[in-house]
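Following: one structure in structure tokens, then a few remarks.
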Number of protein chains: 2
Amino acid sequence: MSGTHTDVPSMISAPLPSPVPADEHERCPVTDVLRRVGDKWSILVIVLLGRRPYRFNELHRGIEAISQRMLTRTLRALETDGLVHREVFPTVPPSVEYSLTPLGRSLLVPLSALADWAVEHRGDIAAARQASTSDT
Amino acid sequence: MSGTHTDVPSMISAPLPSPVPADEHERCPVTDVLRRVGDKWSILVIVLLGRRPYRFNELHRGIEAISQRMLTRTLRALETDGLVHREVFPTVPPSVEYSLTPLGRSLLVPLSALADWAVEHRGDIAAARQASTSDT
DNA sequence: CCGGATCCACTTTGATACTG
DNA sequence: CAGTATCAAAGTGGATCCGG
């Protein structure tokens, strides 16, 4: 990539109205989205569902370290935001299948860009943390 | 937009080893980064510093709704991760200037992609939330 | 099989007051 | 001006038990 002279397109660089609209800082869509997917499990779930639909316990086994509670909460939150679709099959033992909605699938794209950045610069971040740990 | 058949490049779509490496879910660089910038103020600070260097109280006035404590903590965290540079001028009234490091500046790019997505789909998310509120 | 409910611990954020 | 200290409140994640 062309690299360091980041042009920063998009509205994120648009001149702010002067002081940040303190009453709307909670409503900043960027922050809002980041806080949604920035939790402990959402990304993992989104990535997994991006590969194919999963059933609840399948997802549970797929992640292992997550508790039922958090898996349920995460899925509900993603469903509420229209990122995940939940379909219940009225079989004898209840069966529920989760999949990504088109909206959720579209989120995978910018998420990939951030993923690339994270992977590419994980070393830099780790180094910076080390440096500040063993600071003078 | 070409939209729905998201190709999903990058390693985020690379086949996972089968069950998610449960022991490393904490170390997933994507989640790690997202949780860093997914807090309440980091993005705001990064975006502001992306425009030009700021001094502490200048930043404080720029955001308003943030407390001194959180501004300090946010800046320290960003500095620790090598995203923000802190320069102290030993003037009579102490003066500290914060600016984005090249690393921090490079983060602005994928952040912009996510920002675009958030802005573009904020309506969809809002609608989804509404729908689930007044659900059958 | 899916997931709600309760209780508890840890983390994050915030209000206020004080300092070099 | 640029922080730090302290306390309190809220949010988040987890263990376990219970129900449809």
Rounded to whole Å, please give me the gap between CG in Asp39(A) and C1' in dT12(C). 14 Å
Looking only at dG14(D), dC2(C), dC1(C), the nucleotide nearest the Lys40(A) side chain is dG14(D)
Rounded to the nearest 0.5 Å, how far does CD of Glu58(A) lie from OG of Ser95(A)? 9.5 Å
Derivation of the side chain to side chain contact (heavy atoms under 4.5 Å, CB included) call for Leu107(B) and Leu114(A): CA-CA 8 Å; Leu107(B) 176 58; Leu114(A) 204 52; 3.9 Å; yes
Glu97(A) CD - dC1(C) P separation (whole Å): 16 Å
How long is the line joining CD of Glu58(B) and C1' of dG3(D), in whole Å? 17 Å
Rounding to a whole Å, what distance do you find between Ile66(B):CD1 and dT16(C):C1'? 16 Å
Within this structure, what is the CG-CG distance for the pair Leu100(A) and Leu49(A), rounded to the nearest 0.5 Å? 5.5 Å
For the side chain of Trp41(A), counting heavy atoms from C-beta on, which of dG14(D), dG14(C), dG3(D) is nearest? dG14(D)
Take Ser42(A) and Arg36(A) through the test side-chain hydrogen bond (donor to acceptor under 3.5 Å, both in side chains) and record every step on the way to the result. CA-CA 8 Å; Ser42(A) 290; Arg36(A) 270 294 178 200; over 6 Å; no
Qualifying residue for side chain to side chain contact (heavy atoms under 4.5 Å, CB included) with Thr72(A), from Arg76(A), Arg69(A), Met70(A): Arg76(A)
Would you mind checking if Asp32(A) and Lys40(B) are paired as a salt bridge, meaning a charged N to carboxylate O distance below 4.0 Å? no
Compare side-chain N and O positions of Tyr98(B) against OP1 and OP2 of dG3(D) and report whether any pair is under 4.0 Å apart. yes
Are Ile63(B) and Val45(B) close enough that some pair of their side-chain heavy atoms sits under 4.5 Å apart? yes
Indicate whether OP1 or OP2 belonging to dA2(D) is found under 4.0 Å from a side-chain N or O atom of Tyr54(B). no
Evaluate Phe56(B) against Leu71(B) for side chain to side chain contact (heavy atoms under 4.5 Å, CB included), listing each step before the verdict. CA-CA 8 Å; Phe56(B) 186 86; Leu71(B) 182 54; 3.9 Å; yes
Please report, rounded to the nearest Å, how far the P atom of dT16(D) is from the CG atom of Leu71(A). 18 Å
Selection from dC1(D), dC1(C), dT13(C) that lies nearest to any side-chain heavy atom of Pro93(A): dC1(C)
Give me the residues of residues 75-82 of chain B where at least one heavy atom lies under 4.0 Å from an atom of DNA chain D, by number, or none. Arg76(B)
Nearest-Å distance, CZ (Arg86(B)) to P (dC1(D))? 16 Å
Phe56(A) has an atom CZ; how far is it from atom P of dG20(D), in whole Å? 18 Å
Which one, dG3(D), dG14(D), dC2(C), comes nearest to the side chain of Gln68(B)? dG3(D)
Would you say a side-chain N or O of Arg73(A) is under 4.0 Å from OP1 or OP2 of dG11(D)? no
Among the nucleotides dT13(C), dG14(D), dA17(C), which one has an atom lying closest to any side-chain atom of Met70(B)? dT13(C)
Straight-line distance of Trp41(B) CH2 to Thr74(B) OG1, nearest 0.5 Å: 8.5 Å
List the atom of Leu103(A), the atom of His121(B), and the distance in Å for their closest heavy-atom pair. CD1-ND1, 3.4 Å
Could I get a table of every N or O pair under 3.5 Å where one atom is in the protein and the other is in nucleotides 8-11 of chain C?
none

For the side chain of Asn57(A), counting heavy atoms from C-beta on, which of dA2(D), dC1(C), dT4(D) is nearest? dC1(C)
